[in-house]
There are 2 protein chains.
Amino acid sequence: MNKPATGIQARHREETRERILAAAERVFAEYGYEGASFGRIAQEVNLPKSNVVYYFETKKKLYRLVVEDIFNVWRQAADNIQPDSDPEQALGEYIDTKLELARVRPHGSKVWANEIIQRAPIVQDYLENELRDWTNDRISVIDGWIDRGMIRPINARNLLYAIWATTQHYADFTHQIQTLNDDKELSETQWSETKRAVKDILINGISKG
Amino acid sequence: MNKPATGIQARHREETRERILAAAERVFAEYGYEGASFGRIAQEVNLPKSNVVYYFETKKKLYRLVVEDIFNVWRQAADNIQPDSDPEQALGEYIDTKLELARVRPHGSKVWANEIIQRAPIVQDYLENELRDWTNDRISVIDGWIDRGMIRPINARNLLYAIWATTQHYADFTHQIQTLNDDKELSETQWSETKRAVKDILINGISKG
DNA sequence: AAATTTCTTGTACGTTCGGTCAATCTTTTT
DNA sequence: AAAAAGATTGACCGAACGTACAAGAAATTT
């Protein structure tokens with residue numbers, strides 16, 4: 001798909017694109033779609049505005065790439081939710097991975113949240129296809145576990161939503177959590193404790209006996 | 001605090017202010033702070049832009065009123081979390097109420113989410129005072145329950161976050177949920193099932209035995 | 001090394017927006 | 001009913017934004 005990046009120019013192009021995309025994720029997260037501007041993104045990567053436009057043409061196209069990226073990262077995080085997995089372990093790992101993503105890539109999550117809150121004006125087609133199919137697959141797996149008596153008969157869809165909501169909360173509401181933590185970032189220890197506690201609460205809700 | 005609203009003028013003023021506030025909540029939710037404009041809000045209530053400006057002076061002031069309003073509604077929803085309440089019932093009612101608010105007033109929740117995602121540029125002082133005190137009070141109550149052996153020793157703060165995240169998810173991510181529900185609004189039955197399932201998952205995580 | 005393609009950058013244009021202001025109309029107070 | 005206060009509205013302004021464009025610099029291809 002991508003060119004192998006021979007030559008000085010091609011290599012430099014990829015590098016610049018990546019830098020712009022990273023900055024765009026931050027700026028879209030912090031200011032919202034309308035609030036973000038080419039000017040501010042350009043400033044963050046120390047390039048003239050017109051150069052950023054040259055690489056991505058329109059704000060909409062740049063934004064879409066940012067949104068699709070975070071979705072694909074999340075999709076991978078659920079790879080281990082398979083019919084033959086151990087439910088508690090698979091979901092535990094899924095929660096761990098999503099919380100780790102909330103920690104190291106909070107901006108992508110915020111952009112996604114913003115897009116959904118505003119009724120997906122840009123990526124609605126993505127929701128109707130990729131997201132819908134992917135979600136239904138995961139629900140089938142969980143229902144399969146229930147059929148085989150491996151977990152309590154909970155509502156698979158609402159469980160999935162609870163996991164999404166809780167894990168993404170730590171990305172989207174970072175600022176609130178930080179304020180309630182006396183304006184300090186969560187420490188290493190607090191993150192571990194959070195992972196343990198979230199699994200404790202959610203997994204306890206599904207296990208038998 | 002408010003004038004008793006005698007006379008035609010005063011009554012009409014209150015009425016107009018309310019209509020504008022309701023429209024502003026919708027518009028801020030749907031377009032974000034930057035994306036929302038006096039023009040669009042004015043259009044929704046069929047008034048000239050300058051009249052809306054006359055009532056609220058600046059966009060910031062109007063926005064702040066909207067944000068404070070939803071916070072106060074949420075605060076009330078937790079009134080029954082008291083030391084002498086039955087934990088499972090009190091938290092169950094809290095979840096029910098918050099889900100009902102997610103259903104009937106999704107816009108306020110979205111505005112709050114947006115504000116927090118963007119690092120509370122307008123209401124940071126609110127977080128530092130009202131929200132922080134209120135949260136610590138609730139955590140004390142839950143820890144009290146744990147001390148008296150009424151629930152499992154879970155992490156009270158993370159439990160609170162899980163409840164917020166999960167309930168508000170049904171407001172903030174309405175559009176995604178609807179898309180995954182074949183583009184249909186959740187039915188009466190589905191809302192009941194959701195309330196049951198969310199309580200099932202979260203409350204099961206705290207109960208003893 | 002000449003020709004071609006790709007990248008860089010400053011300028012400029014049309015639009016939208018928040019907010020001001022003054023003129024007019026309506027309600028309340030005296 | 002005269003005077004004062006409050007409400008309504010259209011016109012207007014300066015700033016910011018998305019993006020089109022042209023002209024030159026650099027890299028690549030021939």
Side-chain angles (χ1 to χ4, degrees), chain A residues 2-21 23-24 26-67 111 114-115 118 121-122, chain B residues 2-21 23-24 26-67 111 114-115 118 121-122:
Chain A
N2 283 341
K3 310 236 181 78
T6 59
I8 287 180
Q9 204 166 71
R11 191 159 34 246
H12 180 253
R13 191 183 61 231
E14 277 315 302
E15 213 177 283
T16 307
R17 280 180 58 97
E18 289 302 324
R19 281 204 305 138
I20 296 173
L21 277 169
R26 284 199 305 275
V27 174
F28 279 128
E30 185 150 4
Y31 301 96
Y33 179 74
E34 301 286 349
S37 65
F38 275 127
R40 215 180 304 252
I41 294 167
Q43 203 179 326
E44 293 235 351
V45 288
N46 249 317
L47 288 174
K49 186 174 76 161
S50 33
N51 202 359
V52 176
V53 176
Y54 169 75
Y55 275 104
F56 294 95
E57 298 180 81
T58 67
K59 187 172 164 180
K60 206 166 175 170
K61 284 183 186 171
L62 172 55
Y63 176 78
R64 197 176 219 279
L65 289 172
V66 170
V67 176
V111 175
N114 248 313
E115 170 71 3
Q118 296 178 22
I122 314 282
Chain B
N2 284 342
K3 311 235 181 81
T6 58
I8 286 180
Q9 203 166 71
R11 190 159 35 247
H12 179 253
R13 190 183 62 231
E14 278 314 304
E15 213 178 283
T16 307
R17 280 181 59 97
E18 289 302 324
R19 281 205 303 138
I20 295 174
L21 277 169
R26 284 198 306 274
V27 174
F28 279 128
E30 184 150 7
Y31 301 96
Y33 179 74
E34 301 286 349
S37 64
F38 276 128
R40 213 178 307 250
I41 294 168
Q43 203 178 328
E44 293 234 351
V45 287
N46 249 318
L47 287 175
K49 184 176 80 161
S50 33
N51 201 1
V52 176
V53 177
Y54 170 75
Y55 275 104
F56 294 95
E57 297 180 82
T58 68
K59 187 171 161 179
K60 207 166 173 170
K61 285 183 185 171
L62 173 55
Y63 176 78
R64 197 176 220 279
L65 289 172
V66 170
V67 176
V111 176
N114 247 314
E115 171 70 2
Q118 297 178 20
I122 313 283

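Convention: sequence-line order gives letters A, B, ...; per-chain numbering from 1.
Considering only residues two or more places apart in sequence or on other chains, B:Lys60 meets the salt bridge (charged side-chain N to carboxylate O under 4.0 Å, His left out) condition with none of them. Partners of A:Glu15 by salt bridge (charged side-chain N to carboxylate O under 4.0 Å, His left out), not counting sequence neighbours: none found. With sequence neighbours excluded, the residues that form a side-chain hydrogen bond (donor to acceptor under 3.5 Å, both in side chains) with A:Arg64 are A:Glu68, A:Asp125.
What separates CD1 of A:Ile20 from C1' of C:dC7 is a distance of 12 Å, to the nearest Å. Computed from coordinates, the A:Arg17 CZ to C:dT6 P distance equals 14 Å when rounded to whole Å. Atom CD of A:Gln43 is separated from atom P of C:dT9 by 15 Å (rounded to the nearest Å). A straight line from CG of B:Asn46 to P of D:dT9 spans 10 Å, rounded to a whole angstrom. A:Ile41 has its CD1 atom 11 Å from the P atom of D:dC17, to the nearest Å. To the nearest angstrom, P of D:dG6 lies 8 Å from CD of B:Gln9. Here the P atom of nucleotide D:dC12 and the CZ atom of B:Phe38 are 21 Å apart, to the nearest Å.
Here B:Arg19 contributes atom CZ and B:Asn46 contributes atom CG; the two are 7.5 Å apart, rounded to the nearest 0.5 Å. Taken to the nearest 0.5 Å, the OH atom of B:Tyr63 stands 14.0 Å off from the CG atom of B:Leu21.
Of the options A:Leu62, A:Asn114, A:Val67, a side chain to side chain contact (heavy atoms under 4.5 Å, CB included) to A:Phe28 is made by A:Leu62 and by none of the others.
Of all heavy-atom pairs spanning A:Leu65 and A:Arg17, the tightest one is CD1-NH2, 4.1 Å. For the pair B:Tyr55 and B:His12, the tightest heavy-atom approach, listed with the atom from each and the gap, is OH-ND1, 4.5 Å.
A:Ala42 comes within 4.0 angstrom of no nucleic acid atom, judged by non-hydrogen atoms across all strands.
Taking every side-chain heavy atom of A:Arg40 into account, D:dC17 is the closest of C:dT27, D:dC17, C:dC7.
Contact check, B:His12 against D:dT8: a side-chain N or O comes under 4.0 Å of OP1 or OP2. Side-chain nitrogen and oxygen atoms of A:Arg13 include at least one within less than 4.0 Å of the OP1 or OP2 phosphate oxygen of C:dC7.
For the contact set between residues 51-60 of chain B and DNA chain C, defined by any heavy atom under 4.0 Å, the members are B:Val53, B:Thr58, B:Lys59.
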Residues 29-45 of chain B side chain polar contacts: donor-acceptor under 3.5 Å, at least two apart:
residue, atom, partner, partner atom, Å
B:Glu30, OE2, A:Arg119, NE, 3.3
B:Glu30, OE2, A:Arg119, NH2, 2.8
B:Ser37, OG, B:Arg40, N, 3.2
B:Glu44, OE1, B:Arg26, NE, 3.1
B:Glu44, OE1, B:Arg26, NH2, 2.7

Practice problem: Summarise how protein sits on nucleotides 10-16 of chain C as a single string, 5' to 3': B when a protein heavy atom is under 4.0 Å from the base, S for sugar-phosphate-only contact, - for no contact. | Solution: B------

